[in-house]
Amino acid sequence: MERRNKFEIIIDILELMQRKGGNIKPTHLLYGGNLSYDRLKKYIQELEEKGLIMQVTDKGKIRYRITDKGINFVNEARKIKEITDAFGL
Amino acid sequence: MIIRLMAVNWLNALGTLVSFFGAFIALFIGIYAYKAFKATEKREYKLLALSFFLIAFQALIYATVLPLLYIFYNKMYFSLSNLEIIFMAYKPILLQVSHVINFLFILTTLMGYTLLAYLYSKIQSKSLLILLGSLVFALSVYSFSYVSFIGFNLTSILLLGYVSYHTIKNYNEKKNRNALYIAASFSLILISHLLFVASEIYSSDQTRALFSLLGPISQLAGYLSLFIVLIRAQYGKKK
């Protein structure tokens, strides 16, 4: 299996959030994203800083939600990936 | 595909339209490749963007500057006969300008194709890229002579042949429609260069006209194929 680059990991995290209805527990992100805790923490921090996700509290539990900016980013990334994949580089 | 100032007809108008369309498509693909580079910082996407920007630039030269020069040249020649002295004074300058623009057209086209071929070679060597660039530059210098037309097209055929081979290989591995459209587009643009060469080789006027017509049509089909990939990506069509 090929190693994912940073871009692909970010897309995987955001797509996972979208699949789970835009709202996800950190543990689900950990398993679904196939990342170590430290790496996931780093990515979550970066995604929050960029405004692609936000932390919400639901019944006292921390969850992460994809923002509108995050949804737009995933859609744009899908287009980019589809075009670049077609070239096979 | 070079406009010669004195030998133009409606076929060149068709070529101009096709090039406008091609410039538009190449620009969009260049922008997407650049976005991919910004997101991933992968060098190959930077080079892909650069190659499509060069292709867009050459198509824009063909679609705008060369026809403008042609119109200017012919208007002066046919309509302003009373100003023949002025025209005669400007004629050498005009011809020189057209040569320089032809040179730029050939250089940017071949640089764009060379970058694509280099990308598909998967050889990560700057010195190879410099060597290829120098060869293309040297070849482009020949654009100042008439023989450049066939030389330019034959070089394009070689480079696009290499690119087409890899895009077809990519389609055979992935079996997805976008890869098929990319393979088809490069193959059709390659065929258009073959037709442009054929239009030069055949002496019969009818055969030449036929090849001159089929060349831009094949090129248009190639650009349309790239356009389909853009549309499919835009509206999320899969497989």
Side-chain angles (χ1 to χ4, degrees), chain A residues 1-22 29 32-36 38-54 64 66-89, chain B residues 25 28-49 51-52 115-116 118-122 163 165-186 225-239:
Chain A
M1 201 175 137
E2 245 181 83
R3 244 187 100 179
R4 292 176 298 170
N5 59 37
K6 191 179 163 187
F7 178 68
E8 286 164 338
I9 293 170
I10 287 173
I11 299 306
D12 284 349
I13 292 173
L14 295 174
E15 280 185 335
L16 186 65
M17 282 186 176
Q18 265 194 318
R19 275 203 305 276
K20 298 280 179 183
L29 264 181
N34 200 17
L35 289 163
S36 68
D38 286 344
R39 286 187 78 197
L40 180 68
K41 218 171 122 183
K42 216 176 78 184
Y43 280 114
I44 282 179
Q45 195 184 345
E46 191 178 333
L47 292 174
E48 271 189 300
E49 279 168 11
K50 286 180 176 168
L52 301 175
I53 62 170
M54 62 193 280
Y64 289 98
I66 186 166
T67 61
D68 287 345
K69 193 179 170 188
I71 292 169
N72 289 337
F73 181 82
V74 173
N75 292 338
E76 192 66 11
R78 273 194 204 122
K79 287 177 206 167
I80 291 170
K81 200 170 177 313
E82 216 166 307
I83 291 173
T84 49
D85 278 356
F87 280 91
L89 288 167
Chain B
I25 303 297
F28 269 89
I29 292 191
I31 289 169
Y32 272 111
Y34 185 71
K35 281 181 179 176
F37 164 66
K38 291 293 273 181
T40 62
E41 290 177 6
K42 279 188 177 176
R43 188 170 165 262
E44 51 261 51
Y45 294 146
K46 183 169 74 174
L47 294 179
L48 183 69
S51 64
F52 271 94
L115 266 179
L116 283 172
Y118 170 78
L119 269 172
Y120 279 104
S121 77
K122 309 266 182 198
V163 173
Y165 163 74
H166 282 280
T167 52
I168 291 167
K169 213 170 104 180
N170 177 50
Y171 166 67
N172 282 331
E173 282 165 12
K174 290 190 177 145
K175 294 280 177 205
N176 90 28
R177 280 220 187 138
N178 282 346
L180 173 68
Y181 287 126
I182 294 290
S185 71
F186 283 118
S225 200
L226 282 174
F227 184 61
I228 292 169
V229 177
L230 280 177
I231 295 293
R232 283 171 62 84
Q234 188 68 30
Y235 296 103
K237 294 266 170 67
K238 298 262 165 80
K239 295 281 162 191

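Protein chains get the first letters and strands the later ones, always in sequence-line order, with residue 1 at the start of each. Just so you know, these numbers use all the heavy atoms, side chains as well, and skip hydrogens, waters and symmetry mates.
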Practice task
Nearest 0.5 Å please: distance from the CZ atom of A:Phe7 over to the NZ atom of B:Lys42.
Solution key: 9.5 Å
Problem - From A:Thr84 atom OG1 to B:Ile182 atom CD1, the distance as rounded to the nearest 0.5 Å - result: 10.0 Å
Practice task
Mark yes or no for whether B:Asn170, through its side chain, and A:Ala86, through its backbone, hold a donor-acceptor pair below 3.5 Å.
Solution key: yes
Handout entry: Enclosure of B:Glu41 CD (heavy-atom neighbours >12, cutoff 6.0 Å)
Key = no
Exercise for the section: Select one option (side chain, backbone, both, neither) describing which atoms of B:Leu180 are under 4.5 Å from chain A's heavy atoms. Expected result: neither
Practice task
Flag the pair B:Lys35 and A:Glu76 as a salt bridge only when some basic side-chain nitrogen lies within less than 4.0 angstrom of an acidic carboxylate oxygen.
Solution key: yes
Exercise for the section: Please report the shortest heavy-atom distance between A:Gly88 and B:Tyr120, naming the atom on each side. Expected result: O-CE2, 4.4 Å
Handout entry: Over 12 non-hydrogen atoms of neighbours within 6.0 angstrom of NZ in A:Lys81
Key = no
Handout entry: B:Lys174 (side chain) donor-acceptor with A:Asp85 (main chain) under 3.5 angstrom
Key = yes
Fill in the blank from the handout: Rounded to the nearest 0.5 angstrom, the CZ-CD1 distance for B:Phe28 and A:Ile83 is 10.0 Å
Exercise for the section: Calculate, to the nearest 0.5 Å, the distance between atoms CD and CG belonging to B:Gln234 and A:Asn75 respectively. Expected result: 10.0 Å
Problem - Positive for ring pair (Phe, Tyr, Trp, His ring centres under 6.0 Å) with A:Phe87, one of B:Tyr171, B:Tyr181, B:Tyr45, B:Phe52 - result: B:Phe52
Practice task
Answer with side chain, backbone, both or neither: which region of B:Lys169 has an atom nearer than 4.5 Å to a non-hydrogen atom of chain A?
Solution key: neither
Exercise for the section: Kindly give the heavy-atom pair with the smallest separation between A:Glu82 and B:Arg232, and that separation in Å. Expected result: OE2-O, 3.7 Å
Practice task
Answer with side chain, backbone, both or neither: which region of B:Leu116 has an atom nearer than 4.5 Å to a non-hydrogen atom of chain A?
Solution key: neither
Completion exercise
Checked B:Ala39, B:Ala183, B:Ala36 vs chain A; the most non-hydrogen pairs under 4.5 Å come from B:Ala39
